[in-house]
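Heads up: the structure comes next, in structure tokens.
Throughout, a chain's letter reflects where its sequence line sits, starting with A, and its residues are numbered from 1. Bear in mind the structure is a predicted one, so any value in this text is a computation, not a measurement.
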Amino acid sequence: MQALRGMRDVLPEEARRWRMVERAIVDVLDRFAYEEVRLPLLEAAELFTRGIGAATDIVEKEMFGLSDRDGDSIALRPEGTASCVRALLQHGLLHNQSQRIHYRGPMFRSERPQLGRHRQFHQVGAEAFGMVGPDVDAELIQMGAEIWRVLGIEGEIQLELNTLGCSEARAAWRGALVRYLRPRQGDLDGDSAKRLERNPLRILDSKFPATRSLLAEAPKFADYIDDDSVRHYEGLKRLLDGLGVAYVENPLLVRGLDYYSRTVFEWTTERLGAQGAVCAGGRYDGLAEIIGGKPVPGVGFALGLERTLLLHEAVHGAGAPPPVDVYCCVLQPEHQGVAMARVRALRDGLPNLRFRVHAGGGRLKNQMRRADQCGARWALLFGEDELRENRMGLKDLRNETPQETLGLAALVERLRTAGMDST
RNA sequence: GUGGGCGUAGCUCAAUGGGUAGAGCUCCGGGUUGUGAUCCCGGGGGUUGCGGGUUCGAGUCCCGUCGUCCACCCCA
């Protein structure tokens, strides 16, 4: 038996990095006072066909759909924004109020697997509702920059920025684009020809030279964009300039989900081959209404954890912090209970240290080897001699200092001071 | 979804032109009483991803399948 295609097991060594990175990210979101929600993995399929767009690749060919016992179509969520909006609408949290929210968890898309692209993958998302101005767009981008800084990967990532205008302007431009391309359909590459009726804006970032040269003469969005959107975009850029957040304007940046309008942005990297999008988002002022609520402006982003982790590893190396701080060796099997009781007191006194008590007996030599192998800084010895005096032996495995024999209180004090400078 | 590369021990990899699978690391034991990582000695471990086919004989050639990686595509 093996895991399904595209489903990955995260084993202890890797999970240690996940915990570190996830905690660092969520800490940033916390410090910006974004509150957490936890959302279901299953939703009505209609939430996504309406929210994301029925003509998008995500819905059209990547969604894991199934039917429940009543025959209703349900789906594993392919992304988080639609669920988040649905949840907040359902519980009235968007009624005459603004919200700043984050969530995280697995998403599912049935794509052909690749490094940094799995069928179950994990995102951390942040969304802000009820605020129309570019200030909150800038805040979300600033938050992203802060996340990369905290993770030490800011040197690997660059920000791309664009505006899609309001949905009316975009629809007008889209219509002009289709009118321009339709007579020239024969010169388009196959994929682009297929997109012409369903999702023409995606033709813009086609990689085919023939298509690209055709686009050089195509109607320009600059002639269609509305003034409010221009002002919004200019305002956002001014704020980012003031915050010192560097960006590259990319007029071809078109998010693959229908719900975006105005601001769209993407944090990309060169180090992950074709899977260069680490984090992306934008404004989606129309989404709440599409889902069946009153109109509520929204803007947000989602970052891909696997890709962030790959970058983190590329920058910081493969080493993960050891899982154990103190490995406790029990020399005589009859002292196991005493040792376990004593370590309970140590865990109480030293909540930041991780104690592992040897189990299964065996010679001290082997127990010491286990202590070394798990990466523990200290070995703690429960032997006849030490226990007779109600003390324990402490050996520093990473420094050439003499072994000490200490009572409980002295040991707690000793590990507390040493524990500080080791972390 | 399309095209291609790869799949041999827990891990990283060998195996001449088809001739019944090997190394390093890991792991286990030993080097005399209660001290790890080094050193020495010994040991365990594989239905060569899976299923067919060709052949006297297949890890090696062919087909299928599963998985993975790369590009396309898509996206976070």
Side-chain angles (χ1 to χ4, degrees), chain A residues 1-8 11 13 25 52 56-63 77-81 104-126 144 157 189-192 194-195 199 202 205-208 253-257 264-269 272-282 300-311 327 329-332 335 358 362-387 393-400 402-403 405:
Chain A
M1 294 296 282
Q2 55 187 339
L4 292 172
R5 160 178 273 203
M7 304 288 167
R8 274 178 15 98
L11 302 177
E13 195 179 346
I25 294 170
I52 299 172
T56 59
D57 284 4
I58 293 177
V59 166
E60 202 168 62
K61 45 192 200 195
E62 294 173 0
M63 203 155 73
R77 62 181 185 191
E79 58 107 45
T81 300
R104 62 181 149 149
M107 309 292 165
F108 303 84
R109 292 182 201 173
S110 182
E111 301 183 276
R112 185 107 164 227
Q114 231 170 288
L115 189 68
R117 180 167 86 172
H118 312 286
R119 290 184 169 192
Q120 176 179 330
F121 62 104
H122 298 78
Q123 290 186 334
V124 177
I157 296 180
D189 61 276
D191 279 333
S192 294
K194 267 182 252 166
R195 289 190 191 120
N199 205 348
R202 292 223 57 87
D205 52 12
S206 167
K207 289 172 184 165
F208 287 85
L253 180 62
V254 180
R255 311 265 70 258
L257 297 74
V264 289
F265 58 91
E266 187 164 313
W267 298 92
T268 60
T269 181
L272 267 35
Q275 258 54 56
V278 179
C279 172
F301 68 75
L303 74 80
L305 260 180
E306 282 84 352
R307 292 175 188 184
T308 303
L309 284 156
L310 286 168
L311 281 183
Y327 195 94
C329 304
V330 185
L331 277 77
Q332 310 293 331
H335 295 146
H358 182 82
R363 297 167 51 180
L364 177 59
K365 180 187 167 94
N366 291 326
Q367 298 192 28
M368 290 296 286
R369 189 162 71 232
R370 295 283 163 77
D372 182 57
Q373 282 170 343
C374 71
R377 164 127 187 230
W378 291 284
L380 188 62
L381 277 63
F382 292 86
E384 220 164 351
D385 299 345
E386 288 85 354
L387 288 172
L394 180 70
K395 176 161 183 174
D396 188 329
L397 296 172
R398 308 302 158 196
N399 292 296
E400 294 290 332
Q403 185 168 323
T405 305

Exercise. Please report the shortest heavy-atom distance between A:Leu397 and A:Ala371, naming the atom on each side.
Key: CD1-CB, 3.8 Å
Practice problem: Tell me what A:Ala274 touches on the nucleic acid: a base, only sugar-phosphate, or nothing, going by heavy atoms under 4.0 Å. | Solution: base
Quiz item: Hey, does A:Arg370 reach any base, or is it just sugar-phosphate, or nothing, if we go heavy atoms under 4.0 Å?
Solution: sugar-phosphate
Quiz item: Is A:Gln114 touching bases, backbone alone, or none of the nucleic acid, heavy atoms closer than 4.0 Å?
Solution: base
Practice problem: To the nearest Å, give me how far apart CD (A:Gln332) and P (B:U35) are. | Solution: 13 Å
Quiz item: Between A:Arg202 and B:C73, does any side-chain N or O lie under 4.0 Å from OP1 or OP2?
Solution: no
Quiz item: Using the P atom in both, what is the distance from B:C27 to B:G10, to the nearest Å?
Solution: 15 Å
Quiz prompt | Under 4.0 angstrom between A:Arg5 side-chain N/O and B:U65 OP1 or OP2 | solution = no
Exercise. Using only side-chain N and O atoms of A:Arg369, determine if any of them is under 4.0 Å from OP1 or OP2 of B:C28.
Key: yes
Self-check item: C1' spacing across the pair B:U47 / B:U35, given as an integer number of angstrom
Solution: 43 Å
Quiz prompt | Heavy-atom donor-acceptor pair, A:Glu386 side-chain to B:G34 base, under 3.5 Å | solution = yes
Exercise. May I have the distance from A:Ile52 (atom CD1) to B:A76 (atom C1'), rounded to whole angstrom?
Key: 12 Å
Quiz item: Over how many whole Å does the gap from A:Leu303 atom CG to B:C75 atom P extend?
Solution: 18 Å
Exercise. Taking atom C1' in both B:U65 and B:C6, compute the distance separating them and give it to the nearest angstrom.
Key: 16 Å
Practice problem: Taking only the side-chain heavy atoms of A:Arg109 (C-beta and beyond), determine which of B:A76, B:G31, B:U68 contains the nearest atom. | Solution: B:A76
Quiz item: In terms of the nearest nucleotide of RNA chain B, which residue is placed more toward the 5' end: A:His122 or A:Asp372?
Solution: A:Asp372
Quiz prompt | Inter-residue atom distance A:Glu306.CD - A:Leu115.CG, 0.5 Å rounding | solution = 10.0 Å
Quiz item: Base, sugar-phosphate, or nothing for A:Gly273, non-hydrogen atoms under 4.0 angstrom?
Solution: sugar-phosphate
Practice problem: Would you mind classifying the nucleic acid contact of A:Glu266 as base, sugar-phosphate or nothing, using non-hydrogen atoms under 4.0 angstrom? | Solution: nothing
Quiz item: Salt bridge or not for A:Arg377 and A:Asp372, using N-O below 4.0 Å?
Solution: no
Exercise. Can you check whether any acceptor in the base of B:U2 is under 3.5 Å from a donor in the side chain of A:Arg112, or vice versa?
Key: yes
Quiz prompt | Rounded interatomic separation in angstrom, taking CG from A:Leu364 and P from B:G36 | solution = 8 Å
Exercise. Determine the interatomic distance between C1' on B:C40 and the same-named atom on B:C13; round to the nearest Å.
Key: 26 Å
Quiz item: In whole angstrom, what separates A:Leu11's CG from B:C11's P?
Solution: 11 Å
Quiz item: A:Asn366 and side-chain hydrogen bond (donor to acceptor under 3.5 Å, both in side chains): which partner among A:Arg370, A:Arg363, A:Arg369?
Solution: A:Arg369
Quiz item: Expressed in whole Å, how much space separates the P atoms belonging to B:G24 and B:G44?
Solution: 14 Å
Practice problem: Evaluate the side-chain proximity of A:Gln332 to A:Glu384: yes if any heavy-atom separation is below 4.5 Å, no if none is. | Solution: yes
Quiz prompt | Distance, rounded to the nearest Å, where A:Gln275 contributes CD and B:C72 contributes C1' | solution = 11 Å
Practice problem: Kindly indicate whether the side chain of A:Trp267, heavy atoms from C-beta on, has any atom under 4.5 Å from the side chain of A:Leu303. | Solution: no
Quiz item: Between the base of B:C75 and the side chain of A:Arg307, is there any donor-acceptor pair under 3.5 Å?
Solution: yes
Practice problem: Compare every heavy atom of A:Phe265 with every heavy atom of A:Leu253, then report the nearest pair and how far apart it is. | Solution: CD2-CA, 3.9 Å
Exercise. Tell whether A:Gln367 reaches the base of B:U35 with its side chain through a donor-acceptor pair below 3.5 angstrom.
Key: no
Quiz item: NA contact type, A:Ala277, heavy-atom cut-off 4.0 Å: base, sugar-phosphate, or nothing?
Solution: base
Exercise. Would you classify A:Leu381 as touching base, sugar-phosphate or nothing, given that sugar-phosphate means primed atoms plus P, OP1 and OP2, and contacts are heavy atoms under 4.0 Å?
Key: base
Practice problem: Report which part of the nucleic acid A:Gly6 touches: base, sugar-phosphate, or nothing (heavy-atom distance under 4.0 Å, all strands). | Solution: sugar-phosphate
Quiz item: For B:U35, does OP1 or OP2 lie under 4.0 Å from any side-chain N or O of A:Asn366?
Solution: no
Quiz item: Considering only B:A76, B:C73, B:U35, which nucleotide approaches the side chain of A:Asp57 most closely?
Solution: B:C73
Exercise. For B:A23 and B:C66, measure between their P atoms and round to the nearest Å.
Key: 36 Å
Practice problem: Would you mind classifying the nucleic acid contact of A:Leu331 as base, sugar-phosphate or nothing, using non-hydrogen atoms under 4.0 angstrom? | Solution: base
Quiz item: Looking only at atom C1', what distance separates B:A21 and B:G59, rounded to whole Å?
Solution: 8 Å
Exercise. Give one of base, sugar-phosphate or nothing for A:Glu79, where a contact means two heavy atoms less than 4.0 Å apart.
Key: nothing
Exercise. Report yes if a side-chain nitrogen or oxygen of A:Arg119 is closer than 4.0 Å to either non-bridging phosphate oxygen (OP1 or OP2) of B:C75; otherwise report no.
Key: no
Quiz item: When the distance from CG of A:Leu397 to C1' of B:U38 is rounded to whole Å, what number comes out?
Solution: 15 Å
Practice problem: Between B:C28 and B:C73, how far apart are the P atoms? Round to whole Å, please. | Solution: 50 Å
Self-check item: Rounded distance in Å - NE2 (A:His118) to C1' (B:A76)
Solution: 12 Å
Practice problem: Quick one: label A:Arg398 by what it contacts on the DNA or RNA (base, sugar-phosphate, nothing), any heavy atom closer than 4.0 Å. | Solution: base
Self-check item: Most 5' of A:Leu305 and A:Gln2 on RNA chain B, judged by nearest nucleotide
Solution: A:Gln2
Quiz item: Take atom CD in A:Glu60; do more than 12 heavy atoms of anything else shown fall under 6.0 Å from it?
Solution: yes
